[in-house]
Amino acid sequence: MGRDTIADIITSIRNANMDRKRVVRIASTNITENIVKILLREGFIENVRKHRENSKSFLVLTLRNRRNRKKPYRTYRNVLNLKRISRPGLRIYSNYQRIPRILGGMGVVILSTSRGIMTDREARLERIGGEILCYIW
């Protein structure tokens, strides 16, 4: 039985964010690199660098700095929410017209399409649908 690498990176980022960690290390695969590029481009993470240890590659992510650390954790500016949608047991597909809008377009839907992994906005512009991987808001 294979591992769900997308769920692993989402869980790692979510746990680090909840624990107020600044740096997260995740395994490097083609899918995770493409998802991390989207997260970086959309401004959810600050920096990415590739690290190699004993013939294994890792991505070291620097999460966005939260300005007000003294305030209670549950303020909307400081929370990074990630949710896995399509999973190995239940794949969720959508055409470009029915791709959901997260928070009225403020969030991001990451899709796996025939032209690679892209955001919901890019998929609507290119008029292609695909497998809905995760929501980020």
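Because the structure is predicted, anything quoted here is derived from the model rather than measured. Only this structure's heavy atoms are used, side chains among them; waters, hydrogens and symmetry mates stay out.
Put simply, W137 and I132 are part of the same group of oily side chains (I, L, V, M, F, W, Y) that touch within less than 4.5 Å, one to the next. Following chains of ILVMFWY side-chain contacts shorter than 4.5 Å, one cannot reach I99 starting from M118, and the two form parts of different hydrophobic clusters. Using a 4.5 Å cut-off between side-chain heavy atoms of Ile, Leu, Val, Met, Phe, Trp and Tyr, with links allowed through other members, L111 and I9 fall into different hydrophobic clusters. I35 and Y135 are members of different hydrophobic clusters when ILVMFWY side chains are connected at heavy-atom separations under 4.5 Å. Cluster annotation: L40 is connected to I31 through the hydrophobic network of ILVMFWY side chains, with a link wherever side-chain heavy atoms come within less than 4.5 Å.
Of the inter-residue distances, the one linking L61 atom CG with R49 atom CZ reads 10.0 Å to the nearest 0.5 angstrom. In this structure, CZ in R124 is found 10.5 Å from CG in N95, a value given to the nearest 0.5 Å. Residue I85 holds its CD1 atom at 11.5 Å from OG of S94, rounded to the nearest 0.5 Å. Taking NZ of K21 as the start and CG of N15 as the end, the distance is 11.0 Å to the nearest 0.5 Å. Atom NE2 of H51 and atom CG of L59 lie 11.0 Å apart (nearest 0.5 Å). Distance check: L82 CG to L39 CG gives 6.5 Å after rounding to the nearest 0.5 Å.
By the 4.5 Å side-chain criterion applied to Ile, Leu, Val, Met, Phe, Trp and Tyr, Y93 is assigned to no cluster and stands alone.
Applying the side-chain contact (heavy atoms from CB on, under 4.5 Å) criterion to S12, with sequence neighbours excluded, gives V24, I26. Scored by the side chain to side chain donor-acceptor pair (under 3.5 Å) test, D8 finds R3 as partners (sequence neighbours excluded). In this view, N34 and K37, I117 satisfy the side-chain contact (heavy atoms from CB on, under 4.5 Å) rule, not counting sequence neighbours. Scanning for salt bridge (Lys or Arg N to Asp or Glu O under 4.0 Å) contacts around R101 gives an empty result, with sequence neighbours left out. Considering only residues two or more places apart in sequence or on other chains, R87 meets the salt bridge (Lys or Arg N to Asp or Glu O under 4.0 Å) condition with none of them.
Pairing each heavy atom of I38 with each of R41, the nearest pair is CG1-NH2, 3.1 Å. For D120 against P100, the heavy-atom pair with the smallest separation is OD2-O, 4.0 Å. Residues P88 and D4 share a closest heavy-atom pair of CD-OD2, 3.5 Å. When all heavy atoms are compared, the tightest approach of Y96 to R127 is OH-NH1, 3.0 Å. Contact detail for L63 and A16: the closest heavy-atom pair is CD1-CB, 4.0 Å. When all heavy atoms of E131 and S86 are compared, the pair lying nearest together is OE2-OG, 2.6 Å.
Between L80 and I136, some side-chain heavy-atom pair lies under the 4.5 Å cut-off. Here the side chains of R84 and L133 are in contact, with some heavy-atom distance below 4.5 Å. Looking only at side-chain heavy atoms (C-beta outward), V108 and F44 come within less than 4.5 Å of each other.
Using modelled atom types, no side-chain atom of R25 and backbone atom of F58 make a donor-acceptor pair closer than 3.5 Å. Between the side chain of T5 and the main chain of T32, no donor-acceptor pair closer than 3.5 Å is present.
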